[in-house]
**Student:** 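One structure, as structure tokens, below. Some questions next.
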Amino acid sequence: MDSYDKALLDYTTRWCNFGGGDEDIFTEFGLTPEMFYRRVLALLEQRFVTELEFPARQYLRAYCTEKLTASAHQRRAHAVGL
């Protein structure tokens, strides 16, 4: 894992208990929050992510999935003018 990917995981781990820190993701990583959470999910699926124990990986997977689901709901609501 390179330092950029490690920084993504560290950021997610640090902010997941506080709602995510989404407002700073683009300035920190150059990614939209949706791209960020998709990339973190992909990292969590890789076998070499050994510095996170299984429960932490499961928690972060659920957290990222929840963030992506909320983002999709917001896009749909915006599209229909809610």
Side-chain angles (χ1 to χ4, degrees):
M1 173 180 342
D2 65 21
S3 60
Y4 182 78
D5 290 342
K6 179 151 179 28
L8 294 172
L9 288 174
D10 290 346
Y11 188 88
T12 306
T13 301
R14 184 177 44 231
W15 282 100
C16 66
N17 293 321
F18 303 105
D22 291 358
E23 62 279 352
D24 295 323
I25 287 174
F26 188 79
T27 56
E28 287 283 324
F29 300 101
L31 300 170
T32 66
E34 184 175 343
M35 291 167 50
F36 175 88
Y37 292 114
R38 287 187 188 285
R39 183 152 178 178
V40 171
L41 275 174
L43 287 171
L44 292 169
E45 296 303 319
Q46 296 176 2
R47 290 194 183 292
F48 65 81
V49 181
T50 57
E51 58 269 347
L52 292 174
E53 293 186 20
F54 185 74
R57 289 172 73 170
Q58 290 296 92
Y59 180 81
L60 290 178
R61 276 189 197 105
Y63 174 75
C64 290
T65 300
E66 179 182 312
K67 294 294 269 183
L68 288 167
T69 301
S71 175
H73 287 306
Q74 287 176 340
R75 279 194 318 276
R76 277 189 231 114
H78 182 70
V80 296
L82 294 177

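Only this structure's heavy atoms are used, side chains among them; waters, hydrogens and symmetry mates stay out.
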**Student:** Do Asp10 and Lys6 sit within salt-bridge range, that is, some charged N less than 4.0 Å from a carboxylate O?
**Tutor:**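 Counted as a salt bridge, because a side-chain N and a carboxylate O are separated by less than 4.0 Å.
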
**Student:** When clusters are formed by joining ILVMFWY residues with side-chain heavy atoms under 4.5 Å apart, either directly or through shared neighbours, do Met35 and Tyr4 land in the same one?
**Tutor:**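 Yes: a chain of side-chain contacts under 4.5 Å links Met35 to Tyr4.
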
**Student:** Rounded at 0.5 Å granularity, tell me how far CG in Leu8 sits from CG in Leu41.
**Tutor:**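 Here the interatomic distance stands at 11.5 Å.
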
**Student:** Parallel, tilted or perpendicular: which fits the ring planes of Trp15 and Phe18, with parallel below 30° and perpendicular above 60°?
**Tutor:**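 Rings of Trp15 and Phe18: perpendicular, over 60°.
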
**Student:** Do Tyr11 and Val40 touch side chain to side chain, with heavy atoms closer than 4.5 Å?
**Tutor:**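 No, every pair of side-chain atoms sits at 4.5 Å or beyond.
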
**Student:** Check the pair Tyr59 / Leu52 against side chain to side chain contact (heavy atoms under 4.5 Å, CB included), numbers first and verdict last.
**Tutor:** CA-CA 10 Å; Tyr59 180 81; Leu52 292 174; over 6 Å; no

**Student:** What's the spacing between Leu31 CG and Ile25 CD1 if we round to 0.5 Å?
**Tutor:**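 Atom-to-atom, Leu31:CG and Ile25:CD1 are 8.5 Å apart.
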
**Student:** Do you know the tightest heavy-atom contact between Arg39 and Asp5?
**Tutor:**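 Heavy-atom minimum between the residues: NH2-OD1, 2.7 Å.
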
**Student:** Between the main-chain N or O of Lys67 and the side-chain N or O of Ser71, is there a donor-acceptor pair closer than 3.5 Å?
**Tutor:**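 Side chain of Ser71 to backbone of Lys67: no pair is present.
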
**Student:** How many angstroms lie between atom CZ of Arg57 and atom CG of Leu43, to the nearest 0.5 angstrom?
**Tutor:**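 Interatomic distance, Arg57 CZ to Leu43 CG, rounded to 0.5 Å: 10.0 Å.
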
**Student:** Can you label the angle between the Phe36 ring and the Phe29 ring as parallel, tilted or perpendicular, going by 30° and 60°?
**Tutor:**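 The arrangement is tilted - the two ring planes meet at 30° to 60°.
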
**Student:** Evaluate the side-chain proximity of Thr65 to Leu68: yes if any heavy-atom separation is below 4.5 Å, no if none is.
**Tutor:**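 A side-chain contact is absent here, since even the closest heavy-atom pair is not under 4.5 Å.
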
**Student:** Measuring from Arg38:CZ to Thr32:OG1, what's the distance to the nearest 0.5 Å?
**Tutor:**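 Going from CZ on Arg38 over to OG1 on Thr32, the span is 9.0 Å.
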
**Student:** For the residue pair Thr12 and Cys64, what are the closest heavy atoms and their distance?
**Tutor:**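 Shortest heavy-atom contact: CG2-SG, 4.2 Å.
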
**Student:** Do Leu9 and Phe26 belong to the same hydrophobic cluster, where Ile, Leu, Val, Met, Phe, Trp and Tyr are linked whenever their side-chain heavy atoms lie under 4.5 Å apart, directly or via other members?
**Tutor:**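 Result: no, two separate clusters.
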
